[in-house]
Amino acid sequence: METIYQILHTTFANVPAWAVQIAAFLIPIAFIFGVYPAIFALTTLVERKALGRIQNRYGPNRVGIFGILQPLADGLKILLKEDIVPRVADKFTHFLAPVLIVIPGLLVYLVVPVAPGMVAVDLKIGVLFALAVGTMSVIALFMAGWASRNKFSVLGAVRAVAQVVSYEVPTVMAGVAVIMAAGTLSTLTIVQRQGGGLLNISNWYVFRPWGLVGFALFIIGGLAESARCPFDLPEAESELIGGYHTEYSGFKFALFQMGEYLAGMAMAGVTVTLFLGGYMGPGSGPGLAGGLISMLWFFVKLAGMIGLNIWIRGTWPRLRVDQLMGFAWKVLLPLALVNIVAVGFWHFLTPRPLAWIITTGWLVIWFLVLTKCNASAKLEKREYRYV
Amino acid sequence: MNLAFWIISAVTVLGALLAVSLRNLVHCVLALILFFIGIAAHYFLLRADFLGTVQILIYVGAVAVLILFAIMLTHNVTGTDGPREILGVKWWSGAVIAAALAILLKKAILSDPLAMVLPAGDKAQSSVAEIGRALVANWVVPLEAIAILLTAALIGAVVIALEEIQKSR
């Protein structure tokens, strides 16, 4: 925001300061409200196409060339649908839930920098803000499930709450590793720390032993918190019809979809910022050209993360509830704690090769121990007695 | 600044009032969440960004969710309205206790030297670095004591749950 203010102030010198101030406020908000929902609309199309390819079918290809107008047609269709509210539903809460679910996803983008200086609010505690706000969507999910007065909805809400609360812990712990290494909570500074090196790439945190582990933890946590496959138990359509949004139709249902996708994309954006160097890449830097290249790099990485999400959704089956909980508490959380110790090693061991060897060894040993301890019992050979 | 303060205060007080006066338990929790967010907004207004974020992370993200979870695990999930007993004996005794507590707190807050320093307002810097330094330098023993206490509580909860599982088998 400060950068935009300065740019506007120098280019339009004769415009009063208060007008420039208001414009500097409105431009990032318009950007967030315009760009990310547009990416959401495109993502729905790309996802359906990609899933179609994975499942050996075409996907939408009738509306416009390559089905490019499909999101528009979907939006129009869903606007014209009848909005049905169950007679026994808690009307006010039932109405409020789809409104609230979009907000946390949008708030996270406030602290995700897209180019040098281009962040809506450069909060000193940006990472913490993103993690704190990102989990608020669970309240909207609960409201939706509870207000519907439907046992499938309530079950979905129970699952959603338990899942988000469980996976919040390892995700935050994985973020702590980055915060320790960068020595700051500001997202902009964390991205700057990942610049330099070979082609602006070699200093990304994902290319550190602890960074790779944190990256994996963060992707898993992000998938679980936005309830995407393979963690989509809250809305498991084969068991719970639709989970918390069983009783929603029309545009309210669309808002649920939108909130879910925005939250998933927000987690992808935070992952890019923390581990993939944010806007850093070959050619990125200050100035107009460097800024545009930086922005391109950020959105390329964001698209890559969204693509990874779609790929995972198309290829992995859903977890069971007990597997879900055990995975969070018995594997991810210890691994995240061990990862924090690894960052400590990395920080204090002076010759870099030594630090590489020791942190890698430490993490590999713990990974093997944790996987060995949590290995499921070998299945006995089945005996079919009544053939 | 002043207008924002009044708006946020109105919302916060509304949330608190609804939390104690609504008859449906889930509605009360949702009002309580509104109150928590209002308090967080107050912290942001005072430029205490760390405190505000932690307020959201802990109170909205953990405490309120825990309450919701407790409600969902009880039998009365639909949250039918409770008995309407305003101005009964319980109400009056509660009011007396609350008033006494408010008077005590007011004295304590006004006699604290911090109350005189606070209105720095607009120029105040982010406090997270100082908080971190204070926690691991001056207050490291209380911090560790709290950590041990919480760990013990966590393990205790697991032990109690384990006993029940073994009984039911």
Side-chain angles (χ1 to χ4, degrees), chain A residues 88-90 92-93 96-97 100 103-104 107 111 121-143 145-151 153-166 168-169 171-172 175 179-180 183-186 225 329 333, chain B residues 18 22-34 36-37 40-41 43-44 47-81 124-132 136 151 154 157-158 161:
Chain A
V88 288
D90 193 294
F92 183 67
T93 319
L96 205 60
L100 287 183
I103 296 173
L107 278 179
V111 293
V121 191
D122 183 20
L123 277 180
K124 292 271 186 330
I125 41 114
V127 180
L128 205 60
F129 179 82
L131 295 174
V133 167
T135 54
M136 272 166 65
S137 62
V138 69
I139 293 183
L141 297 187
F142 169 81
M143 284 164 72
W146 176 80
S148 296
R149 295 281 198 277
N150 175 327
K151 62 185 86 165
S153 301
V154 173
L155 270 177
V158 171
R159 285 186 180 183
V161 172
Q163 179 175 323
V164 172
V165 168
S166 304
E168 188 184 349
V169 180
T171 315
V172 173
I179 294 163
M180 280 172 70
T184 176
L185 282 160
S186 154
E225 277 185 29
W329 292 105
L333 182 62
Chain B
L18 287 177
L22 286 174
R23 308 311 300 172
N24 190 318
L25 205 54
V26 175
H27 289 167
C28 293
V29 179
L30 295 177
L32 192 69
I33 291 169
L34 181 69
F36 285 150
I37 293 175
Y43 288 143
F44 279 116
R47 303 288 163 117
D49 46 4
F50 180 71
L51 208 56
T53 314
V54 168
Q55 169 84 15
I56 291 176
L57 192 68
I58 304 292
Y59 281 90
V60 180
V63 173
V65 169
L66 208 65
I67 299 173
L68 289 178
F69 210 59
I71 292 173
M72 282 195 290
L73 291 181
T74 53
H75 294 291
N76 193 6
V77 167
T78 47
T80 41
D81 293 1
Q125 286 297 310
S126 177
S127 48
V128 56
E130 282 78 44
I131 291 174
V136 293
T151 314
L154 196 69
V158 172

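Here the structure is a predicted model, which means the values were calculated and not measured. Lettering of chains follows the sequences in order, A, B, ..., and the numbering in each one begins at 1. Computed over heavy atoms, backbone and side chain alike; hydrogens, waters and symmetry mates excluded.
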For [X], which atoms come within 4.5 Å of any heavy atom of chain B: side chain, backbone, both, or neither?
| X | answer |
| --- | --- |
| A:Val158 | both |
| A:Ala147 | neither |
| A:Leu96 | neither |
| A:Phe142 | side chain |

I'd like to check [X] versus [Y] (side-chain heavy atoms, cut-off strictly below 4.5 Å). Are they in contact?
| X | Y | result |
| --- | --- | --- |
| A:Glu168 | B:Leu57 | yes |
| B:Val60 | A:Ile139 | yes |
| B:Leu18 | B:His27 | no |
| A:Val138 | A:Gln163 | no |
| B:Val54 | A:Leu128 | yes |

Side chain, backbone, both or neither: which part of [X] has a heavy atom under 4.5 Å from chain A?
| X | result |
| --- | --- |
| B:Leu68 | both |
| B:Ile58 | neither |
| B:Phe44 | side chain |
| B:Ile37 | side chain |

Q) In terms of heavy-atom pairs under 4.5 Å with chain A, which of B:Val29, B:Leu66, B:Val65 leads? A)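 Option with the greatest count: B:Val65.
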Q | Least distance between heavy atoms, B:Tyr43 atom then B:Leu51 atom | A |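 Minimum heavy-atom contact is CE2-CD2, 3.6 Å.
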Q: Please report the shortest heavy-atom distance between A:Lys124 and A:Leu185, naming the atom on each side.
A: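 Nearest pair, atom of A:Lys124 first, then A:Leu185: O-CB, 3.2 Å.
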